[in-house]
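First the proteins, then the strands, lettered A, B, ... as listed; each starts at 1.
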Amino acid sequence: MRQSPQGIASDITKKIEDPLIEQVEAVGPYVNIFLDKSVVSTNVLKTILKEGSNYGQSQIGQGEKIVLDFSSPNIAKPFSMGHLRSTVIGQSLANIVEKVGFQSVKINYLGDWGTQFGKLIYAYKLWGDENKVRQNPIKELLELYVKFHKEAEANPQLEDEGRNWFKKLEDGDEEAHQLWDWFRDESLKEFKKIYDLLGVDFDSYNGEAFYNDKMANTINQLKERELLVESDGAEVVSLDEFDLPPSLIKKRDGATLYATRDLTAAIYRQNQYQFKQAIYVVGHEQSLHFKQLFLVLQKMGFTWAQNMHHVPFGFILKDGKKMSTRKGKVVLLDQVIQEAIELAKENIDDKNPSLENKEKVAEMVGVGAIIFHDLKNDRLNNVEFSLEDMLRFEGHTGPYVQYTHARAQSILSKYAAEPKVNDGVNDDESWPVVKRLHQFPEVILKSYIEYEPSVIAKYLIDLSQAFNKYYGKVKILHDDRQLDDRLALVESTGIVIKDGLRY
RNA sequence: GUCCCAGUAGCUCAGCAGGAUAGAGCAACAGCCUUCUAAGCUGUGGGUCGCAGGUUCGAAUCCUGCCUGGGACGCCA
């Protein structure tokens, strides 16, 4: 059927017929199809009103489990902007995955082990003040850590002592262990405050320390399968056949490494949860590590390793550079959130002073702004840290979307009636809104397939824009034959925005 | 050196399983609140889609090479 595109177009045009379609015409190589607005909008609105917040749901997950590894901050350190991305993206993906019918298992793989804790324990013993730490744990511990590094530059012996204390910790020394436990508890309390604010929760807080006594078994399994090769005094798994550098399992001194722990954690999680997929929301600088990790698991004969995915994201940069944790120069998430809420409050006092429960709204707007700012762009883009951008409330922002929702609700509250759909809406003004409402299930699906929350964020902006234009042009509360249908449109928009903002 | 990611308006970014005149937001300028929340809406200006080739009826989108920026490449995590 070798024909000109124009010819094909006009042939197709003659053959299309469907109740949804009003008119078809061929323009050059294109076939333009005009849908019947009344029929389509009636369908869409009825579906949304009926399904409510279930609209867009699907069952492709069939109740299987997906394990998501995200957030994973280091204890005894402040929650930085860098961890925000993993946290927000991870939580969002968990919600998306649930929406398409999976069961999510959210794991916070805390960075709670390593030489750094030896150093911290030693620093605490040298300079620490119990009361101060109790009052403001993270801040105090960070100061101790920073001080340690500063002093260690002049006095390298400190480093040895630090390593020593870590050794004690590993050997189960009681004093060391008590301090470690305490630091961990205090840190978790602080983190949970932030998680509450962000609306994030976890099913497991098993961090690195949890796997300490389980790594020997992993190493045995590697040995049994004859995968461990000696190289330069260290033990590695070769990945030559994949054209990749080998994965280091044991250091020359016999100590284990990151990779060993991650292998162990993966195997443990598979046994524990029988997950269908495992998703790691970790910065893109670790791409190679995860590639290696998954391949080693496959070499060990674990076929489920094929369903493990690294979901990378870009950095948050400061002046074009990665933000460094070391010298205490981090921007604390806590402060940023407080500032955002403050600003939201000012805005409310300024623009909407009569509002009830201002505090609550300010919190929703402030936090919403920060989360949305993080989700709206492609995961992989690096973002330059800018308070100004984060706290912006106009244009492509969370508050814009929330505001749109508030407008919709406001209309509905003025006209309390059972929503119903009669003949649908068929004017040109409402059509863009209808079209977008119709797209929602597809958008959810796409965000799942790509593991990309920004798909939904962009959609919400788009929908809000369409709705605000409609709102500007059409008087909704105008008593005529289409009043019910317009209200149904407003309500449907509200439902979709509200649901969409959950992700 | 090898590998990965990015380069689209002054700025921040969409678009990229190829399709019509490349779209938003911010910033600038000009309008719109006796009427559903102006955190909104309408309009104006602003582009060699990094560069060069190739595939195709058709390329911002696919392929190759180059340039620029970021990242990763064994005893940190």
Side-chain angles (χ1 to χ4, degrees), chain A residues 2-6 27-30 32 72 74 109 111 113-116 208 231-237 243-262 282-292 312-315 317 320-322 325 343-344 347-348 350-352 354-355 365 369 373 376-384 386 388-389 392-415 446 449 454-455 457-459 461-462 464-465 467-478 486-487 490:
Chain A
R2 200 136 180 97
Q3 252 190 48
S4 71
Q6 287 81 347
V27 179
Y30 304 98
N32 290 338
S72 311
N74 294 322
Y109 187 53
W113 205 249
T115 330
Q116 43 180 328
E208 296 174 5
S231 157
D232 252 341
E235 297 196 46
V236 308
V237 175
D243 246 343
L244 288 175
S247 173
L248 259 162
I249 302 298
K250 254 176 141 180
K251 294 201 265 189
R252 208 170 341 197
D253 64 6
T256 55
L257 282 142
Y258 185 38
T260 328
R261 213 179 303 273
D262 273 6
V282 181
H284 75 294
E285 72 277 14
Q286 291 196 36
S287 292
L288 178 61
H289 164 72
F290 283 105
K291 228 182 257 174
Q292 293 175 315
F313 55 85
F315 296 119
L317 303 172
K321 282 184 190 148
K322 237 183 121 173
T325 343
L343 190 65
N347 266 298
I348 292 170
D350 192 23
K351 291 172 177 156
N352 209 343
S354 61
L355 197 71
V365 173
H373 173 78
K376 75 176 180 204
N377 288 336
D378 250 51
R379 283 189 336 251
L380 275 168
N381 291 352
N382 288 341
V383 301
E384 174 67 25
S386 153
E388 213 182 314
D389 281 355
R392 188 159 278 153
F393 289 175
E394 297 118 39
H396 281 182
T397 64
Y400 173 77
V401 177
Q402 287 173 325
Y403 176 73
T404 309
H405 182 260
R407 274 180 145 181
Q409 293 315 306
S410 174
I411 291 176
L412 294 172
S413 72
K414 294 214 161 83
Y415 195 90
K446 192 178 177 206
I449 291 168
S454 71
V455 170
K458 280 165 197 152
Y459 166 79
I461 292 272
D462 204 36
S464 299
Q465 234 161 19
F467 181 79
N468 280 327
K469 279 179 189 169
Y470 176 65
Y471 181 98
K473 276 187 214 147
V474 177
K475 172 81 181 159
I476 293 157
L477 291 176
H478 174 66
R486 282 197 305 271
L487 285 168
V490 173

For nucleotides 16-20 of chain B, which of its nitrogen or oxygen atoms have a protein nitrogen or oxygen under 3.5 Å away, and what is each distance?
from: B/rG19; atom 1: O2'; to: A/Tyr30; atom 2: OH; distance (Å): 2.4
from: B/rA20; atom 1: O4'; to: A/Tyr30; atom 2: OH; distance (Å): 3.1
from: B/rA20; atom 1: N6; to: A/Asn32; atom 2: OD1; distance (Å): 3.0
from: B/rA20; atom 1: N1; to: A/Asn32; atom 2: OD1; distance (Å): 3.2

Please state the [atom1] separation for the pair [N] and [M] - nearest whole angstrom.
{"N": "B/rU56", "M": "B/rG19", "atom1": "C1'", "result": "12 Å"}
{"N": "B/rC11", "M": "B/rA27", "atom1": "P", "result": "16 Å"}
{"N": "B/rU61", "M": "B/rA20", "atom1": "C1'", "result": "15 Å"}
{"N": "B/rA30", "M": "B/rU68", "atom1": "P", "result": "43 Å"}
{"N": "B/rU35", "M": "B/rG46", "atom1": "C1'", "result": "36 Å"}
{"N": "B/rC67", "M": "B/rG50", "atom1": "C1'", "result": "8 Å"}
{"N": "B/rA59", "M": "B/rC16", "atom1": "C1'", "result": "10 Å"}
{"N": "B/rU44", "M": "B/rG18", "atom1": "P", "result": "33 Å"}

With a 4.5 Å heavy-atom cut-off, do [X] and [Y] have their side chains touching?
{"X": "A/Gln292", "Y": "A/Pro245", "answer": "yes"}
{"X": "A/Leu477", "Y": "A/Leu487", "answer": "yes"}
{"X": "A/Ile476", "Y": "A/Tyr415", "answer": "no"}
{"X": "A/Tyr470", "Y": "A/Arg486", "answer": "yes"}
{"X": "A/Val365", "Y": "A/Leu343", "answer": "no"}
{"X": "A/Pro312", "Y": "A/Arg379", "answer": "yes"}
{"X": "A/Arg407", "Y": "A/Tyr471", "answer": "yes"}
{"X": "A/His373", "Y": "A/Thr397", "answer": "no"}

Nearest whole Å is fine: how far is [N] [atom2] from [X] [atom1]?
{"X": "A/Asn377", "N": "B/rG15", "atom1": "CG", "atom2": "C1'", "result": "13 Å"}
{"X": "A/Phe313", "N": "B/rC4", "atom1": "CZ", "atom2": "C1'", "result": "16 Å"}
{"X": "A/His289", "N": "B/rA72", "atom1": "NE2", "atom2": "C1'", "result": "13 Å"}
{"X": "A/Ile461", "N": "B/rA14", "atom1": "CD1", "atom2": "P", "result": "13 Å"}
{"X": "A/Arg252", "N": "B/rG74", "atom1": "CZ", "atom2": "P", "result": "13 Å"}
{"X": "A/His284", "N": "B/rC3", "atom1": "NE2", "atom2": "P", "result": "17 Å"}
{"X": "A/Lys251", "N": "B/rA77", "atom1": "NZ", "atom2": "C1'", "result": "11 Å"}
{"X": "A/Arg379", "N": "B/rC5", "atom1": "CZ", "atom2": "P", "result": "12 Å"}

Which is more 5' along RNA chain B, the nucleotide nearest A/Lys291 or the one nearest A/Asn74? Just name the residue.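 Nearer the 5' end of the strand: A/Lys291.
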Of A/Ser287 and A/Asn381, whose nearest nucleotide on RNA chain B comes first from the 5' end?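 That would be A/Ser287.
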Below 4.0 angstrom, N of the basic side chain to O of the carboxylate: do A/Lys251 and A/Asp232 qualify?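 No, this pair does not count.
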Once each nucleotide of nucleotides 25-42 of chain B is scored for protein heavy atoms under 4.0 Å, what B/S/- sequence comes out, 5' to 3'? SS--------SBBSBSSS
Write out the stems for RNA chain B, ordered by first number and formatted as range with range, counting runs of at least 3 consecutive Watson-Crick or G-U wobble pairs under 3.5 Å.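 Detected stem regions: B:1-7 with B:67-73, B:10-13 with B:23-26, B:28-32 with B:40-44, B:50-54 with B:62-66.
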Looking at every strand, decide which applies to [X] at a 4.0 Å heavy-atom threshold: base, sugar-phosphate, or nothing.
{"X": "A/Gln402", "answer": "nothing"}
{"X": "A/Asp253", "answer": "nothing"}
{"X": "A/Ser231", "answer": "base"}
{"X": "A/Val236", "answer": "base"}

Hey, is B/rC51 sitting syn or anti, using the within-90° cutoff around 0?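 Base orientation: anti.
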A/Gln286, nearest nucleotide to its side chain (from B/rG74, B/rA77, B/rG71):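 That would be B/rA77.
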Testing the 3.5 Å rule here: is there a donor-acceptor pair between the side chains of A/Asn468 and A/Thr404?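 Judged by distance alone, the side chains do pair up.
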Do A/Gln286 and A/Tyr258 pair up side chain to side chain, a donor and an acceptor below 3.5 Å, judged on atom types alone?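 Distance-only check passes for A/Gln286 and A/Tyr258.
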What closest approach, in Å, do A/Ile249 and A/Thr260 show between heavy atoms, and which atom pair accounts for it?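 So the minimum-distance heavy-atom pair works out to O-OG1, 2.6 Å.
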Going through the checks in order, is the ring pair (Phe, Tyr, Trp, His ring centres under 6.0 Å) test met by A/His284 and A/Phe313? CA-CA 5 Å; A/His284 75 294; A/Phe313 55 85; 8.1 Å; no
